[in-house]
Amino acid sequence: MKNYLEKIFKEASQKLTFLSDVELMFEIPKTISHGDFSCNVAMMLTKKLKKNPRQIAEEIISNLKYDEDIIQKIEIAGPGFINFFFTPSFMAKVIENILTQKENYGRTDKYKGKKANVEFVSANPTGPLTVGHGRNAVIGDTVANMLEAIGYEVEREYYFNNAGRQMRVLGDSVKQRYLQLLGKKINFPEDYYQGEYIKEIAGEMVKEFGDSLKNENPEGKFKEKAEGVIFNDIKKSLKLLGLEFDTFSNENTLFEEGKIEALLSTFNKKNLSYEKDNAVWLKFTKLGGEQDKVIVKSSGEPTYRLPDIAYHITKFDRGYDLIVDVFGSDHAAAYPDVLAGLKALDYDTDKVKVLIYQFVTILEDGEVVKMSTRKANYVTLDELVDEVGSDVVRYFFNMRNTSSHMNFDLTLAKKQSDENPVFYLQYAHARICSILRTVVEENIISSVENLNLLVKEEEQQLLKKLNKYEEEILYASENFEPHRICSYLEELAAAFHKFYTFCRILGSEKKLAEARLALAEATKIVLQNGLGILGVTAPERM
RNA sequence: GCGCCAGUAGCUCAACCGGAUAGAGCAACGGCCUUCUAAGCCGUAGGUUAGAGGUUCGAGUCCUCUCUGGCGUACCA
């Protein structure tokens with residue numbers, strides 16, 4: 001539809017040359033009476049042409065040549081908007097389109113042949129995933145789905161740090177509990193991992209090894225065992241949400257493969273680093289940063305920046321066209337360093353999209369729950385999925401703009417989950433399935449022969465929403481905004497529920513019933529496709 | 001102190017590079033089930049878009065300042 005408008009404007013611009021000087025924009029107005037598409041070009045041109053916008057609009061319209069089977073009317077409104085109204089029969093063409101393309105409707109090959117890597121969750125294996133990690137997990141997977149929908153070949157990746165201090169503390173936490181189980185008196189430090197799972201792991205080790213590990217280095221078997229056990233649990237939790245990764249990367253491997261060492265010498269060779277106070281510093285000031293920062297501590301251990309840069313280099317080496325990192329806002333200060341480091345080495349950082357989402361405030365019984373893995377103060381993701389189901393969790397985390405803080409009221413989520421909008425969408429789908437079951441008995445078969453009969457307000461509104469889907473998916477995906485899909489689907493479901501209430505299929509005249517059934521089937525497909533991208537199921541019955 | 005993100009209806013949040021009368025859901029109130037699922041539909045009420053300036057044909061959206069909240073600001077990740 002938009003294409004058609006662009007086409008007729010292009011034709012008109014041969015005569016009205018000023019049209020080629022501005023960017024044409026067509027938007028779908030909020031208010032129904034403003035038509036199917038609206039164009040503000042006349043207002044954009046007021047200054048340039050020094051004319052009244054309505055006058056300009058008049059001139060433009062009189063030079064537009066269009067097919068009356070496609071456009072019903074064009075009018076000037078308000079300060080100078082040009083509003084376009086399509087014919088009902090043209091609007092209805094979308095049904096044929098959807099029924100032909102089915103699960104491919106809304107997908108595009110715009111980015112076909114391009115490869116993307118989406119890195120998300122990336123929680124270090126120091127404890128179970130919490131509700132806080134849920135937002136990251138859901139956003140990452142949905143973004144990956146969206147990129148696939150617009151043609152990318154997507155790799156889902158999970159990266160974790162298993163080389164630093166954090167993991168050492170984890171290993172020693174297990175060791176201390178192990179010694180405790182063997183009857184030794186210990187003084188468990190406050191800043192060690194307090195969770196019960198540490199004791200369980202220690203228990204397993206007692207069973208497996210007896211007391212033979214009394215003198216084992218905490219960074220040896222203890223760390224190894226803890227990492228393995230915890231990671232298994234993390235994978236299980238992810239699976240409950242329907243998440244599967246293609247690749248797991250970790251920090252240790254980077255060391256083992258000499259990537260860290262190599263990077264360090266590259267920085268040195270390029271004169272981008274220097275030694276001071278026994279530590280190695282990277283010249284961030286030279287790279288546009290505020291101050292130089294340490295990349296190797298005086299202890300000889302790198303700070304997170306070095307492996308992070310090395311890790312991103314491996315991603316560049318793998319040849320992606322797009323590299324997405326999903327981070328919580330606590331990392332917002334860290335990624336510019338990583339990008340600056342990469343840029344200094346001539347990597348094209350425009351390929352990197354860092355998606356920062358704001359924190360989730362968890363409320364329980366009206367109180368804010370501060371999550372801390374260390375202090376064992378958390379609500380696990382498993383617990384939540386168990387209580388409300390994967391669909392609700394995924395929808396909930398998807399429905400808000402990533403740049404907004406969000407509140408998650410656990411008490412409310414558990415108790416009033418029936419009021420979650422996800423059920424509104426699923427119900428629309430289930431209703432259509434129910435119609436399709438009933439209609440078989442009545443011998444009504446959908447048909448696209450008489451779609452011009454769909455002229456009622458509710459039918460036209462539903463058609464409009466269906467027409468919007470492709471654009472909506474493309475826009476949401478290119479801008480990494482999953483919540484737009486939720487908003488769209490809620491509008492679509494609302495349009496359907498109205499149609500359902502006012503336009504009956506059973507009992508209508510045969511041709512009309514067939515056309516309406518086709519409309520319902522098309523709606524079902526779009527709901528299914530949209531929910532699919534969100535990772536939410538489309539149930540046949542509720 | 002400085003930096004990033006935010007502040008929109010009682011609550012949770014939308015609003016497409018600045019567009020027309022700022023929209024949904026929940027909560028509240030009033031209607032609609034002999035007919036394809038009432039997890040639905042229709043209606044009522046609810047707003048100085050935190051506050052003050054500025055930019056322009058036009059500002060919730062852009063700029064400046066103030067207030068409030070979240071996250072950073074390490075030789076933690």
Side-chain angles (χ1 to χ4, degrees), chain A residues 23 25 27-31 33-34 38 40 43-44 46-47 52-53 77-81 83 122-124 126 160-161 164-167 251 276-281 290-291 293-305 307-308 328-334 336 356-361 396 399-409 412 416 418-428 430-439 441-442 444 471-472 475-476 479 481 483-484 486-487 490-491 493-494 496-498 500-502 504-508 513 516-517 520 541-542:
Chain A
E23 197 190 346
M25 273 178 31
E27 58 167 36
I28 298 173
K30 289 178 211 159
T31 316
S33 61
H34 295 150
S38 170
N40 65 350
M43 275 130 70
M44 308 278 285
T46 44
K47 235 181 243 162
N52 180 316
F81 290 100
N83 295 338
S122 293
N124 293 339
T126 59
F160 58 99
N161 301 103
R165 197 183 63 95
Q166 222 181 3
M167 293 303 287
E251 196 181 1
K276 192 182 91 179
D277 304 335
N278 234 348
V280 182
W281 297 68
E290 302 239 320
Q291 54 192 8
K293 301 212 172 133
V294 171
I295 50 173
V296 182
K297 299 186 242 178
S298 51
S299 64
E301 203 173 21
T303 62
Y304 68 91
R305 293 182 191 94
D308 271 14
S329 61
D330 53 340
H331 285 251
I356 300 282
Y357 62 90
Q358 296 301 314
F359 267 37
V360 183
T361 304
F396 194 90
M399 70 196 270
R400 304 302 181 206
N401 193 327
T402 52
S403 69
S404 290
H405 301 270
M406 60 183 277
N407 286 347
F408 198 144
D409 191 324
L412 210 69
Q416 304 190 334
D418 277 12
E419 283 155 10
N420 191 303
V422 69
F423 295 112
Y424 185 76
L425 311 188
Q426 293 182 319
Y427 186 55
R431 270 184 151 178
I432 299 172
C433 292
S434 170
I435 293 173
L436 295 176
R437 286 190 296 267
T438 313
V439 124
E441 294 158 23
E442 306 285 328
I444 301 169
E471 188 183 326
E472 208 65 55
Y475 188 90
N479 292 287
E481 295 184 328
H483 76 281
R484 277 177 185 281
C486 295
S487 310
E490 284 170 37
E491 286 172 21
F496 172 75
H497 284 305
K498 268 180 208 178
Y500 181 91
T501 306
F502 294 104
R504 310 214 31 109
I505 292 173
L506 257 50
S508 291
R516 284 180 173 170
L517 188 56
R541 294 171 202 270
M542 284 176 76

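Residue numbers begin at 1 in each chain, while the letters A, B, ... track the order of the sequences.
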Quiz item: F81(A) stacking on rG19(B): centroids under 5.5 Å, ring planes under 30°?
Solution: no
Exercise. Give a yes/no verdict on base stacking between rA6(B) and H405(A): centres under 5.5 Å, planes within less than 30° of parallel.
Key: no
Practice problem: Check if the side chain of N40(A) and the base of rG19(B) share a donor-acceptor pair of N or O atoms closer than 3.5 Å. | Solution: yes
Rounded to whole angstroms, how far apart are [atom1] on [X] and [atom2] on [N]?
| X | N | atom1 | atom2 | value |
| --- | --- | --- | --- | --- |
| F359(A) | rG70(B) | CZ | P | 13 Å |
| K293(A) | rA74(B) | NZ | P | 7 Å |
| E491(A) | rG23(B) | CD | P | 13 Å |
| K498(A) | rA38(B) | NZ | P | 17 Å |
| K297(A) | rA74(B) | NZ | P | 14 Å |
| N83(A) | rG19(B) | CG | P | 15 Å |
| F502(A) | rG40(B) | CZ | P | 15 Å |
| Y424(A) | rA14(B) | OH | P | 19 Å |

Contact class for [X] vs. all strands (heavy atom < 4.0 Å): base, sugar-phosphate, or nothing?
| X | value |
| --- | --- |
| A428(A) | nothing |
| R504(A) | base |
| M406(A) | sugar-phosphate |

Selection from [options] that lies nearest to any side-chain heavy atom of [X]:
| X | options | value |
| --- | --- | --- |
| S404(A) | rC13(B), rA39(B), rG19(B) | rC13(B) |
| S403(A) | rG72(B), rA15(B), rA6(B) | rA6(B) |
| A279(A) | rC75(B), rA14(B), rC76(B) | rC75(B) |
| W281(A) | rC16(B), rA77(B), rC75(B) | rC75(B) |
| S434(A) | rA20(B), rG40(B), rU37(B) | rU37(B) |
| P79(A) | rG19(B), rC36(B), rA77(B) | rG19(B) |
| S298(A) | rC36(B), rC13(B), rC75(B) | rC75(B) |
| S38(A) | rC76(B), rA14(B), rA20(B) | rA20(B) |
| R400(A) | rA15(B), rC5(B), rU12(B) | rU12(B) |
| R484(A) | rC75(B), rA20(B), rC16(B) | rC16(B) |

Report yes if at least one side-chain N or O of [X] is closer than 4.0 Å to OP1 or OP2 of [N]; otherwise report no.
| X | N | result |
| --- | --- | --- |
| R431(A) | rA38(B) | yes |
| Y427(A) | rA39(B) | yes |
| H483(A) | rA15(B) | yes |

Quiz prompt | cation_pi(R431(A), Y500(A)) dist<6.0 Å, angle<=45 | solution = yes
Quiz item: Any side-chain donor-acceptor pair under 3.5 Å between T126(A) and N124(A)?
Solution: no
Quiz item: Looking only at atom P, what distance separates rG10(B) and rA28(B), rounded to whole Å?
Solution: 16 Å
Quiz prompt | Reported CD1-to-OG1 distance for the pair I444(A) and T438(A), which is rounded to 0.5 angstrom | solution = 9.5 Å
Quiz item: In the strands shown, is rU73(B) matched to any nucleotide by a Watson-Crick or G-U wobble pair with both distances under 3.5 Å, and which?
Solution: rG1(B)
Quiz item: Taking a pair as Watson-Crick or G-U wobble with both distances under 3.5 Å, which nucleotide is matched to rG60(B)?
Solution: none
Practice problem: Kindly label the base of rC67(B) as syn or anti, based on whether its glycosidic torsion lies within 90° of 0. | Solution: anti
